[in-house]
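A short write-up of the structure that comes next.
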Amino acid sequence: MLPVPADRAPDSVNTLIKRAQALAGLSLGELALQANVQVPEHFRREKGFTGQLLERFLGAEAGAKAQQDFPDLGIELKSIPIDPSGQPLETTYVCYAPLLGVAGIDWASSNVCNKLRHVLWVPIEGDRSIPPAERRLGTPFLWSPNADQYAILKADWEELMERVALGHVDSITARLGQALHMRPKAADGSALTDAIGQEGQRIRTRPRGFYLRTTFTAQILADQFG
DNA sequence: CTCTGATCATTC
DNA sequence: GAATGATCAGAG
């Protein structure tokens with residue numbers, strides 16, 4: 001019996017974990033068949049296909065805005081593409097970066113901290129030589145940052161957000177941040193949003209998002225799977 | 001446009 | 001080869 005899409009949100013962490021475990025070892029093609037959808041030939045378009053398919057099987061409220069995937073459980077869902085040795089192939093998107101009205105916000109109340117407090121990681125084969133339909137899901141696991149990881153994330157966030165608050169958003173590059181960095185996050189290069197300029201004036205700049213570096217997520221996977 | 005789900009593809 | 005900056009689809 002293959003799993004079927006969930007018709008409601010999980011009522012407990014246990015339920016969520018069990019649903020996720022039931023998917024381990026299955027391919028996207030098998031899941032797509034159960035969900036009556038087609039797996040794209042490649043992810044050049046439909047980059048979010050895997051995550052959205054997972055949401056359906058786990059019962060996450062799709063399209064929910066700026067919140068955890070399972071708000072009642074306080075858990076965020078993240079798929080993570082890995083190579084044959086278990087190394088992450090991509091950085092992990094965390095959330096949109098606020099560029100305006102950032103004066104009062106602090107790390108503990110930030111969206112990044114909120115989302116990373118509890119994450120259900122679902123590894124998936126991500127090698128581009130494997131057709132998407134054949135890519136199999138790995139063993140899911142629940143993670144929370146340990147003291148060291150928490151301190152690094154906090155420091156990175158504070159460094160980046162200080163630049164935003166001081167009107168130096170355009171000095172931010174993806175090279176900043178040990179574990180967490182900031183990069184463009186938009187439909188294309190023409191997208192612009194408001195931010196604070198060097199003189200405190202309003203400027204237009206590319207929207208940004210927070211992402212976890214692969215070195216950081218590799219450590220999470222190593223801690224879990226040794 | 002904002003924000004979710006992310007991967008692509010050029011640059012380094 | 002890895003990493004940075006660019007890009008794709010859909011909901012609201």
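Keep in mind the model is a prediction, meaning the values are calculated, not measured. Any value given below was found using the heavy atoms of this structure, including those in side chains, with hydrogens, waters and symmetry copies removed. Below, chains carry the letters A, B, ... as their sequence lines are ordered, and counting in each starts from 1.
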Original post:
Are A:Leu120 and A:Ile80 linked, directly or through other ILVMFWY residues, by side chains that come within less than 4.5 angstrom of each other?
Top reply: no
**OP:** Figure out the CD/C1' separation between A:Gln52 and B:dT7, and round it to whole Å.
**Re:** 12 Å
Subject >> Sugar-phosphate, base or nothing in reach of A:Gln68, heavy atoms under 4.0 Å >> reply: nothing
Subject >> Among B:dC8, B:dT4, C:dA3, the one nearest A:Lys47 by side-chain distance >> reply: B:dC8
Original post:
What integer distance in Å separates A:Glu90:CD from C:dA3:C1'?
Top reply: 10 Å
Subject >> A:Tyr211, nearest nucleotide to its side chain (from B:dC8, C:dT7, C:dG5) >> reply: C:dT7
Subject >> Separation of atom CZ in A:Phe70 from atom P in B:dG5, rounded to whole Å >> reply: 10 Å
**OP:** In whole angstrom, give the distance that lies between atom CG of A:Asp194 and atom C1' of B:dT2.
**Re:** 12 Å
Original post:
Of all the nucleotides listed (B:dC8, B:dT2, B:dT7), which has the minimum atom distance to the side chain of A:Lys65?
Top reply: B:dT2
**OP:** Starting from the 5' end of DNA chain B, give me the residue, A:Ala97 or A:Pro184, whose nearest nucleotide shows up first.
**Re:** A:Ala97
Original post:
Does A:Lys115 pair with A:Asp69 as a salt bridge, N-O distance under 4.0 Å?
Top reply: no
Subject >> Side chain of A:Phe43 - closest among C:dG5, C:dT7, B:dC8 >> reply: B:dC8
Original post:
Does a donor on one side chain sit under 3.5 Å from an acceptor on the other, for A:Asp188 and A:Ser190?
Top reply: yes
Original post:
Between the side chains of A:Thr91 and A:Arg183, is a donor N or O closer than 3.5 angstrom to an acceptor N or O?
Top reply: yes
Original post:
Starting at CD of A:Glu41 and ending at P of B:dC8, how long is that distance when rounded to a whole Å?
Top reply: 13 Å
Subject >> Any A:Arg213 side-chain nitrogen or oxygen under 4.0 Å from OP1 or OP2 of C:dT4 >> reply: yes
Subject >> Which nucleotide in B:dT2, B:dA6, B:dG5 has an atom nearest any side-chain atom of A:Thr193 >> reply: B:dT2
Subject >> Angle of first-five versus last-five pair axes in the helix from B:dC1-C:dG12 to B:dC12-C:dG1, to 10 degrees >> reply: 30°
**OP:** Would you check if there is a donor-acceptor pair between the side chains of A:Arg163 and A:Ser171 at a distance under 3.5 Å?
**Re:** yes
**OP:** Would you mind reading off the distance between A:Arg183 atom CZ and B:dT11 atom P, rounded to a whole angstrom?
**Re:** 16 Å
Original post:
Below 4.0 angstrom, N of the basic side chain to O of the carboxylate: do A:Glu76 and A:Lys78 qualify?
Top reply: yes
Original post:
Looking only at heavy atoms, what is the nearest atom pair of A:Phe57 and A:Pro5, with distance?
Top reply: CE2-N, 3.6 Å
Original post:
Given that A:Arg135 and A:Phe49 both sit by DNA chain B, which one's nearest nucleotide is further toward the 5' end?
Top reply: A:Phe49
Original post:
Where the side chain of A:Lys185 is concerned, which of B:dG5, B:dT7, C:dA9 is the nearest nucleotide?
Top reply: B:dG5
**OP:** Write down the distance between NE2 (A:His42) and C1' (B:dA9), rounded to a whole number of angstrom.
**Re:** 14 Å
Original post:
Could you state the CD-P distance from A:Gln178 to C:dA3, rounded to the nearest angstrom?
Top reply: 14 Å
